[in-house]
J.: 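Here you go, one structure.
Keep in mind the model is a prediction, meaning the values are calculated, not measured. So you know, we letter chains A, B, ... as the sequences are listed, proteins then strands, and number each from 1.
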Amino acid sequence: MADDKKITTRAANYGEWYLDIVNRAGLAENSDVRGCMVIKPNGYAIWEKMQRGLDGLFKDTGHVNAYFPLFIPKSFFQKEEAMAEGFAKECAVVTHYRLRSVNGKIEVDPEAKLEEELIIRPTSETIIWNTYKSWIQSYRDLPLLINQWANVVRWEMRTRLFLRTAEFLWQEGHTAHATGKEAEEETLRMVRVYQKFAEEWMAMPVLVGPKSEGQKFPGAVYTLCIEAMMQDGRALQAGTSHFLGQNFAKAFDVEFTTEEGKREHAWATSWGVSTRLIGGLIMTHSDDNGLVVPPRLAPIHVVICPLGKSEAERKPCVEAAEKLAQAIRELPRDDFYGYQPIVVKIDNDTKNMPGHRFAEWELRGVPVRVELGPKDMEKNACVLARRDIPGKEGKTMGVPMAEAPAKIDALLRDIQKNLFERAKKFRDGAMRTANSYDEFKKLIEEPGFIWAHWDGTRETEDKIQEETKATIRCIPFDGPTESGTCMVTGKPSAKRVVFARAY
RNA sequence: CGAGCUGUAGCUCAGCUUGGUAGAGCGCUUGGUUCGGGACCAAGAGGUCGCAGGUUCAAAUCCUGUCAGCUCGACCA
């Protein structure tokens, strides 16, 4: 019965633990629509924070937002062969545009069949490049730096809340450039933006570098990624940035006149991150007491719990809570908080025991909790509890009320820093090196990433995946540069790459 | 899409083998006692047993179909 209140521990069952967090923290639930989730207010609030942070970074790097259609005519979709093939097996298709009522039953009207089927976008390169054709005439129209916030559909068989659902929310940047060099610079710039967001907002350390040929986006020349390690040692692709070369410009006939008066195809990039980041956030920081959210993404930064067993005892606590909340809201705003006020909530629950209330707020991941009881009133002080250190160890007693707002501000910044450092230490501690295929096979059974030499071929990568279920997650830019020989074929290898089992 | 398992109260599940008209715990409501780490007592509300057929005097229970979910495989942000 007491166990009913606790969530499954990570050690007992990591998958159950994840589901418990998503449920109990009110982030999302499965809907009655196959493969589709409902994102609940607490989860959506995190997404809104992510959107705000990312959107600011996109604007800072010169991008603007626009919106393109959900439906893509099949003929557009077909034009870039590699991409069409890559997504063919997971597309939802609209074939009719009308229903009719027959004997009180609604059915698809066979008279209303579309002449050309519409694909629900799995990604928008085709519809966007079809549009760019008319927007790009001259080198003066370039670069074109556009982002869209949208939903996309990829018809997945097996889904997991946030990590893989048939419909998900994301942003997709689609840029056009006059030269390949510029487009490549953009590809790199945006993966670095993702790295910055992951590390500084999400407090989630990531590896940055190209994907292998086998793991890249269909239609791309190459794909750069940020790759994160979850607490169970598995990898999560958290964001990708693609150099598309002139593939889409050629497919959609997007030509412009250069300064020299020559006609040339435009160069392209695309890049995206999705609500999957929320799954990554959960599996990077949360613990057996529930969700842990870094302050920069927390929907609520501070919760104040007035205590007291009688109305007479509680009243001064509530008044002090309101005063404190106001003082916190009036703290100077800066970039750390996105120039927004700190969000403070007063917990007016009079029904449940204090311990129950504390546990509930920990479950929901609020970074700082303030406890205000009769004993604090006597001393004109309060108790601060930090979520990154659960239970009594994370509490500071007797903080004078006058100092509390500044202490809370400092605490929030410290939690943000601590979460990143803790996650980085964990990640670095689970990075191993394998020097032979036998050693690799042994190591891959343990959680974590593995540095290993690989000959650069698709065949070897496929063989490794088939035999060990591990894939090449990333070829990190700042990894060791030592050369060696492929652990499988013995052929030369310029540098080690990172293998892992992935979500 | 292949294999296995599961659908009964808001949630977790018992009941099904051997058909007889619906149960528990948690949660919820009300009252009382509690209250600085997940309190307790009492009363109460809440279910077309996933859905559709079939067998039967009678189906949560047996049979057929169907839908959904979970686990494992192939695919993916």
J.: In whole angstroms, how far is the P atom of B:A77 from the CD atom of A:Glu227?
T.: 10 Å
J.: Under a 3.5 Å limit for both distances, which nucleotide forms a Watson-Crick or G-U wobble pair with B:U71, could you say?
T.: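 For B:U71, the partner nucleotide comes out as B:A3, under the 3.5 Å rule.
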J.: Compare all side-chain heavy atoms of A:Phe58 with those of A:Met190 and state whether any distance is below 4.5 angstrom.
T.: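 Of all side-chain heavy-atom pairs linking A:Met190 with A:Phe58, at least one is under 4.5 Å.
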J.: Polar atoms only, N or O, under 3.5 Å: list the protein pairs with nucleotides 27-35 of chain B and their distances.
T.:
residue	atom	partner	partner atom	Å
B:C35	N4	A:Lys309	O	2.3

J.: Tell me which nucleotide, if any, is Watson-Crick or G-U wobble paired with B:U66 when both distances must be under 3.5 Å.
T.: B:G50
J.: At 4.0 Å (heavy atoms only), tell me whether A:Val152 reaches a base, stays on the sugar-phosphate, or touches nothing.
T.: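 Counting heavy atoms under 4.0 Å across all strands, no contact is made by A:Val152.
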J.: May I ask you to say what A:Lys375 touches in the nucleic acid, namely base, sugar-phosphate or nothing, with a heavy-atom cut-off under 4.0 Å?
T.: base
J.: Would A:Arg121 pass as a cation-pi partner of A:Phe71, given that its NZ or CZ must be under 6.0 Å from the six-membered ring centre and within 45 degrees of the axis?
T.: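 The answer is no, since A:Arg121 fails at least one limit relative to A:Phe71.
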J.: Which one, B:G38, B:G36, B:A77, comes nearest to the side chain of A:Arg164?
T.: B:A77
J.: Hey, what are the protein-to-nucleotides 66-72 of chain B N/O distances that come in under 3.5 Å?
T.:
residue	atom	partner	partner atom	Å
B:C72	OP2	A:Arg158	NH2	3.1

J.: Report yes or no: does A:Thr223 contribute a side-chain atom to a donor-acceptor pair with the main-chain N or O of A:Phe217 at less than 3.5 Å?
T.: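 Between the backbone of A:Phe217 and the side chain of A:Thr223 there is a qualifying donor-acceptor contact (under 3.5 Å).
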J.: Pick the nucleotide of RNA chain B nearest each of A:Asp376 and A:Arg276; which residue has the one closer to the 5' end?
T.: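 The residue whose closest nucleotide sits nearer the 5' end is A:Asp376.
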J.: Nearest to the side chain of A:Arg369, which nucleotide is it out of B:A39, B:A77, B:G37?
T.: B:G37
J.: Between A:Gln237 and A:Arg276, is any pair of side-chain heavy atoms under 4.5 Å apart?
T.: yes
J.: Where the side chain of A:Thr165 is concerned, which of B:G38, B:G36, B:A77 is the nearest nucleotide?
T.: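 Within the option list, the nearest is B:A77.
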J.: Using Watson-Crick or G-U wobble geometry with both distances under 3.5 Å, which nucleotide pairs with B:U30?
T.: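 B:A42 - that is the nucleotide pairing with B:U30, both distances being under 3.5 Å.
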J.: Check the pair A:Thr269 / A:Thr187 against side-chain hydrogen bond (donor to acceptor under 3.5 Å, both in side chains), numbers first and verdict last.
T.: CA-CA 6 Å; A:Thr269 82; A:Thr187 309; 5.0 Å; no
J.: Do the ring planes of A:Phe248 and A:Phe252 sit parallel (below 30°), tilted (30 to 60°) or perpendicular (above 60°)?
T.: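 Taking A:Phe252 first and then A:Phe248, their aromatic rings lie parallel (interplane angle under 30°).
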J.: Quick check: on RNA chain B, is the nucleotide nearest A:Lys392 upstream (toward 5') of the one nearest A:Phe217, or the reverse? Name the residue that is more 5'.
T.: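 Per heavy-atom nearest nucleotide, the more 5' residue is A:Lys392.
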J.: Which class fits the ring pair A:Trp129 and A:Tyr132: parallel under 30°, tilted 30 to 60°, perpendicular over 60°?
T.: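 Rings of A:Trp129 and A:Tyr132: perpendicular, over 60°.
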J.: So, does the side chain of A:Glu362 form a donor-acceptor pair with the base of B:G38 at under 3.5 Å?
T.: no
J.: With rounding to the closest Å, how many angstrom separate the C1' atoms on B:A9 and B:G2?
T.: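 Taking atom C1' in both B:A9 and B:G2, they lie 35 Å apart.
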J.: Which part of the nucleic acid does A:Glu313 contact within heavy-atom distance under 4.0 Å: base, sugar-phosphate only, or nothing?
T.: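 Here A:Glu313 touches no strand at all.
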J.: In terms of the angle between their ring planes, are A:His63 and A:Trp271 parallel, tilted or perpendicular, with boundaries placed at 30° and 60°?
T.: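 The arrangement is perpendicular - the two ring planes meet at more than 60°.
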J.: Counting only Watson-Crick pairs (N1-N3 plus N6-O4 or O6-N4) and G-U wobbles (N1-O2, O6-N3), all under 3.5 Å, who is the partner of B:A59?
T.: none
J.: Any luck finding a side-chain donor-acceptor pair between A:Ser124 and A:Glu172 under 3.5 Å?
T.: yes
J.: Between B:A77, B:G38, B:G37, spot the one nearest the side chain of A:Lys395, thanks.
T.: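 Among B:A77, B:G38, B:G37, the one nearest the side chain of A:Lys395 is B:G37.
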J.: Counting only Watson-Crick or G-U wobble pairs whose two distances fall under 3.5 Å, which nucleotide matches B:C11?
T.: B:G25
J.: Of all the nucleotides listed (B:G36, B:G38, B:A77), which has the minimum atom distance to the side chain of A:Glu371?
T.: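 Between B:G36, B:G38, B:A77, the one nearest the side chain of A:Glu371 would be B:G36.
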J.: Does A:Arg473 make a cation-pi contact with A:Phe499, if we ask for NZ or CZ under 6.0 Å from the ring centre and within 45° of the axis?
T.: no
J.: Can you say whether a donor on the side chain of A:Arg357 sits under 3.5 Å from an acceptor on the base of B:G36, or the other way round?
T.: no
J.: Between A:Asp287 (side chain only) and A:Gly290 (backbone N and O only), is there a donor and an acceptor less than 3.5 Å apart?
T.: yes
J.: With a centroid cutoff of 5.5 Å and a plane-angle limit of 30°, would you call A:Phe168 stacked on B:A77?
T.: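 The ring of A:Phe168 is stacked on B:A77.
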J.: What nucleic acid atoms does A:Leu236 come within less than 4.0 Å of, heavy atoms only: base, sugar-phosphate, or nothing?
T.: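 Since no nucleic acid heavy atom lies under 4.0 Å of A:Leu236, the category is nothing.
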